[in-house]
Amino acid sequence: MTTRPDRGGDLPPRPPVVPDIPAQPGPEAAAAAPPPAAPPAPAAEEPAAEEPAAADPAVDAAPEPAPRPDRAQYGVVAFLALVGGFVIFDATTRIGRAINTADPIGPKPVPILLGVLLLVIAVIYAVDVARGGRGEPEAGEDVDLSLPIDWRTVLLLVGAFLVNAVLIERLGWVISGTILFWGSAYALGNRHYVRNLLIAVALSLITFYTFAIGLGVDLPAGVLQGIL
């Protein structure tokens with residue numbers, strides 16, 4: 001049909017092989033085109049329903065019971081009161097009234113003052129315990145309470161103090177103090193024997209002359225009498 005001539009003798013028109021591409025608008029047409037319509041504004045969101053306020057734990061919590069007094073502390077209170085009363089009694093009955101120009105106050109006021117202070121501390125402590133006061137546990141010491149007592153160390157320390165008490169009058173403080181300091185270091189586990197001996201002698205001499213010169217108290221010199 002496409003190759004047969006028409007009645008007029010002309011061939012029928014053929015369809016184009018490549019379709020026509022529509023013309024692209026130029027920059028002038030793009031400028032003249034109206035701007036695209038803005039998207040519609042979203043509808044206002046409805047306010048969310050308010051959540052119920054959380055319950056205050058401080059209000060709902062049950063009131064804590066008042067702390068019970070630690071009755072064991074009353075033993076300390078009683079001890080302080082007894083010591084204070086004994087000091088006042090001893091100062092008022094046994095100490096004389098030796099007053100001279102060098103000591104116009106006399107020996108009584110100081111122990112009486114100490115006894116009164118002990119009684120005041122006992123009263124304040126008793127009031128604090130009655131109100132539920134408790135001492136805070138010590139947190140600075142690294143002590144394992146589950147371990148047994150090291151009786152060897154305890155006995156060595158006690159022995160060093162006993163030797164010092166027995167020998168201080170016979171040998172003098174310098175020698176007995178040296179034994180005390182050196183024995184204490186040995187009991188606590190220090191095994192630097194020569195260094196500990198030198199330190200012990202130095203401490204004994206320092207304390208001997210500190211008491212003699214600084215405080216006017218003569219410690220026993222013992223066998224070193226006349227040398228020191």
Less than 3.5 Å apart, which donor and acceptor atoms pair up between the side chains of residues 150-169 and the rest of the protein, not counting sequence neighbours?
| residue | atom | partner | partner atom | Å |
| --- | --- | --- | --- | --- |
| D150 | OD2 | T153 | OG1 | 2.6 |
| N164 | OD1 | S176 | OG | 3.1 |

Joint cluster assignment, V120 & Y74, ILVMFWY side-chain distance < 4.5 Å: no
Quick check: do I227 and L224 have side-chain heavy atoms less than 4.5 Å from each other? yes
Can you name the side-chain contact (heavy atoms from CB on, under 4.5 Å) partners of A122, sequence neighbours left out? V77, L80, A81
Not counting sequence neighbours, list each pair that qualifies as a ring pair (Phe, Tyr, Trp, His ring centres under 6.0 Å) and has a residue in residues 163-201. W182-Y186
Please enumerate all residues that pass side-chain hydrogen bond (donor to acceptor under 3.5 Å, both in side chains) together with S204, with sequence neighbours excluded. T178
To the nearest 0.5 Å, what is the distance between CD1 on I112 and CD1 on I88? 7.5 Å
To the nearest 0.5 Å, tell me how far L180 CG sits from I175 CD1. 14.0 Å
F211 reachable from V174 in the ILVMFWY side-chain graph, under 4.5 Å edges: yes
Which residues end up grouped with L117 if you chain together Ile, Leu, Val, Met, Phe, Trp and Tyr wherever their side-chain heavy atoms are less than 4.5 Å apart? L113
Tell me the side-chain hydrogen bond (donor to acceptor under 3.5 Å, both in side chains) pairs involving residues 116-127, sequence neighbours left out? Q73-Y125
Side-chain cluster (under 4.5 Å, hydrophobic types only) that I206 belongs to, other residues: none
side-chain hydrogen bond (donor to acceptor under 3.5 Å, both in side chains): which pairs involve residues 215-228, sequence neighbours left out? none
Flag yes if V217 and L203 sit in one hydrophobic cluster, no otherwise; membership is Ile, Leu, Val, Met, Phe, Trp, Tyr, and two members link when side-chain heavy atoms are under 4.5 Å apart. yes
Are F79 and L82 connected in the hydrophobic side-chain network, where two residues link if heavy atoms are under 4.5 Å apart? no
By the side-chain hydrogen bond (donor to acceptor under 3.5 Å, both in side chains) test, which pairs, at least two apart or in different chains, include something from residues 109-118? none
Could you work out, with side-chain contact (heavy atoms from CB on, under 4.5 Å) as the rule, every residue matching Y209, not counting sequence neighbours? L205, I213, L228
In Å, rounded to the nearest 0.5 Å, how long is the span from CG of L114 to CG of L119? 11.0 Å
Check: N196 and R191 side chains under 4.5 Å, non-hydrogen atoms: no
In Å and rounded to the nearest 0.5 Å, what is the CG to CD1 distance from L171 to I179? 6.5 Å
Assigning hydrophobic clusters by single linkage (Ile, Leu, Val, Met, Phe, Trp, Tyr; side-chain heavy-atom cutoff under 4.5 Å), is V129 placed with V76? yes
What pairs with D90 under side-chain hydrogen bond (donor to acceptor under 3.5 Å, both in side chains), at least two apart in sequence or on another chain? R94
